Amino acid sequence: MRTIKESIHVVLITSVVGTVLCDAPDVNATPVTVDFSFLQTTSYAGLPAGSQVTGSFSFDDAEYGAANTWYFHFENGLPTISVEMDWLGTHWTTANAGLAFVSYGPEGAFDGWILAGSYAPEVCGDARYVCGAYLPTGEPDFQLDASGAHPFFGVGVVPGASETTAAANMTWSVRPSVDVPEPTTLALFSLSLLIMAARRRRGAPTRR
C-alpha cells in the first residue's frame, strides 16, 4: 500500500509536469466541420442542370470567435484542416482549395464563410482565393460564398471554358462537436499512470 508521503510525491510531480505541459500550445483544439450542398444551375462539366453537389470543410476556430467580426485572407487563405468536394470535374481538397473568409455574429457564433479554389498567385496576385472564378484561363476554379452578411453566391469554371456555372439553393450546417481531450490532458493523465506504476514496482517485495 502506498504511504501518504509517496502519494503526495506523485501528486507534486504530476502537478509540476502538468504546469509545463499546459504552457505548450494545443493544436486544433476546437475543430469546426461544415457540411453543405447546392444545385448546379446549368449543364456543365458532365453534370446536368439541377444536379446536386455536396461537400464539407473543417477548420480550427480556436483563434476566432469574436462577436461581430470578420476574418479573411484572400491572398494565402485562412488555415483549413480539410476540404472534400467533387465539382467541375475536379476533386477539391486542401491541396487546391481552402477558406478565404469566416464571420461571427452578435453572440460570437460562426455564421458565414467563403470557400474557394486556390488559383495561381501570378494570375490573381492579392486575390488568389477569390479571383480565379472570374478569370477562367485554363484551370478549374470556384467560389462559394455563404457569408452571413450577404446572400449566398456560388460560381465555378472548368478548364478551357469561357463561361461559368452558378450554384443555387445552398444549405449548410455545422456538425455537432465531439468533446475530445486536448493533447496536454491526455499526456498528463498518461504520465500520472506511469509514475504510480513505477512507484508500485519499487515498493513490491523481492522474491527469491
Side-chain angles (χ1 to χ4, degrees), residues 28 30-61 64 70-105 109-178:
N28 296 337
T30 315
V32 170
T33 301
V34 173
D35 297 301
F36 60 86
S37 67
F38 59 86
L39 300 181
Q40 178 174 290
T41 58
T42 60
S43 178
Y44 212 61
L47 291 178
S51 294
Q52 184 179 55
V53 179
T54 61
S56 67
F57 64 84
S58 62
F59 68 102
D60 184 349
D61 78 341
Y64 308 125
W70 295 357
Y71 303 86
F72 57 90
H73 202 307
F74 295 123
E75 180 179 5
N76 297 318
L78 296 174
T80 310
I81 298 173
S82 67
V83 175
E84 290 293 334
M85 179 176 66
D86 290 296
W87 191 36
L88 309 170
T90 302
H91 180 58
W92 301 95
T93 68
T94 52
N96 53 7
L99 283 168
F101 170 98
V102 294
S103 65
Y104 288 78
F110 171 59
D111 71 353
W113 48 274
I114 294 177
L115 184 70
S118 54
Y119 210 77
E122 59 269 21
V123 174
C124 292
D126 291 343
R128 180 183 179 190
Y129 275 74
V130 293
C131 89
Y134 304 96
L135 299 174
T137 56
E139 296 181 22
D141 197 40
F142 76 94
Q143 178 184 335
L144 298 175
D145 183 342
S147 57
H150 305 285
F152 167 71
F153 170 80
V155 63
V157 298
V158 292
S162 60
E163 74 277 14
T164 62
T165 185
N169 299 336
M170 170 175 276
T171 61
W172 63 280
S173 61
V174 178
R175 291 185 196 173
S177 60
V178 178

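This structure is a prediction, so every number in the text was calculated from the model and none was measured.
Aromatic ring orientation, F72 versus F101: parallel (interplanar angle below 30°, classes split at 30° and 60°).
Annotation for D141 and S118: closest pair OD1-N, 4.1 Å, computed over non-hydrogen atoms. Across all non-hydrogen atoms, the minimal contact from H91 to N96 is O-ND2, 3.3 Å. Contact detail for G89 and A45: the closest heavy-atom pair is N-CB, 4.0 Å. The heavy-atom pair separating Q40 from W87 by the smallest distance is OE1-NE1, 2.7 Å. Here the shortest heavy-atom pairing between Y129 and A97 reads CE2-C, 4.2 Å. Of all non-hydrogen atoms in V83 and G98, the two that sit nearest each other are CG2-CA, 4.3 Å.
In this structure, OH on Y71 lies 12.0 Å from CZ on F110, to the nearest 0.5 angstrom. Distance CG/L115 to CZ/F36: 5.5 Å, rounded to 0.5 Å. Between the CE atom in M85 and the OG atom in S56 there is a gap of 10.0 Å [rounded to 0.5 Å]. Taking CD1 of I114 as the start and CZ of F74 as the end, the distance is 4.5 Å to the nearest 0.5 Å. To the nearest 0.5 Å, atom CD of residue Q143 and atom OG1 of residue T164 are 11.5 Å apart. Atom CG of L78 and atom CG of D61 lie 12.0 Å apart (nearest 0.5 Å).
Among residues at least two apart or in separate chains, salt bridge (charged side-chain N to carboxylate O under 4.0 Å, His left out) pairs with a member in residues 33-57 are D35-R175.
A donor-acceptor pair under 3.5 Å is absent between the side-chain atoms of S58 and the main chain of I81, judged by distance alone. No donor-acceptor distance shorter than 3.5 angstrom exists from the side chain of T42 to the backbone of Y44, with no hydrogens or angles considered.
A centroid separation of less than 6.0 Å is found between the aromatic rings of F57 and W113.
A heavy-atom distance below 4.5 Å is found between the side chains of T165 and L88. Put simply, the side chain of V53 does not reach to within 4.5 Å of the side chain of D86, judged on heavy atoms.
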Requested in this report: I would like to know whether F152 and W172 meet ring-ring contact (aromatic ring centres under 6.0 Å, His included); could you show each step before the answer?
Outcome: CA-CA 11 Å; F152 167 71; W172 63 280; over 10 Å; no
Report task. Could you walk me through whether F142 and W92 pass ring-ring contact (aromatic ring centres under 6.0 Å, His included), step by step? Result -> CA-CA 10 Å; F142 76 94; W92 301 95; 4.8 Å; yes
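The side chain to side chain contact (heavy atoms under 4.5 Å, CB included) test applied to E122 returns A120, not counting sequence neighbours.
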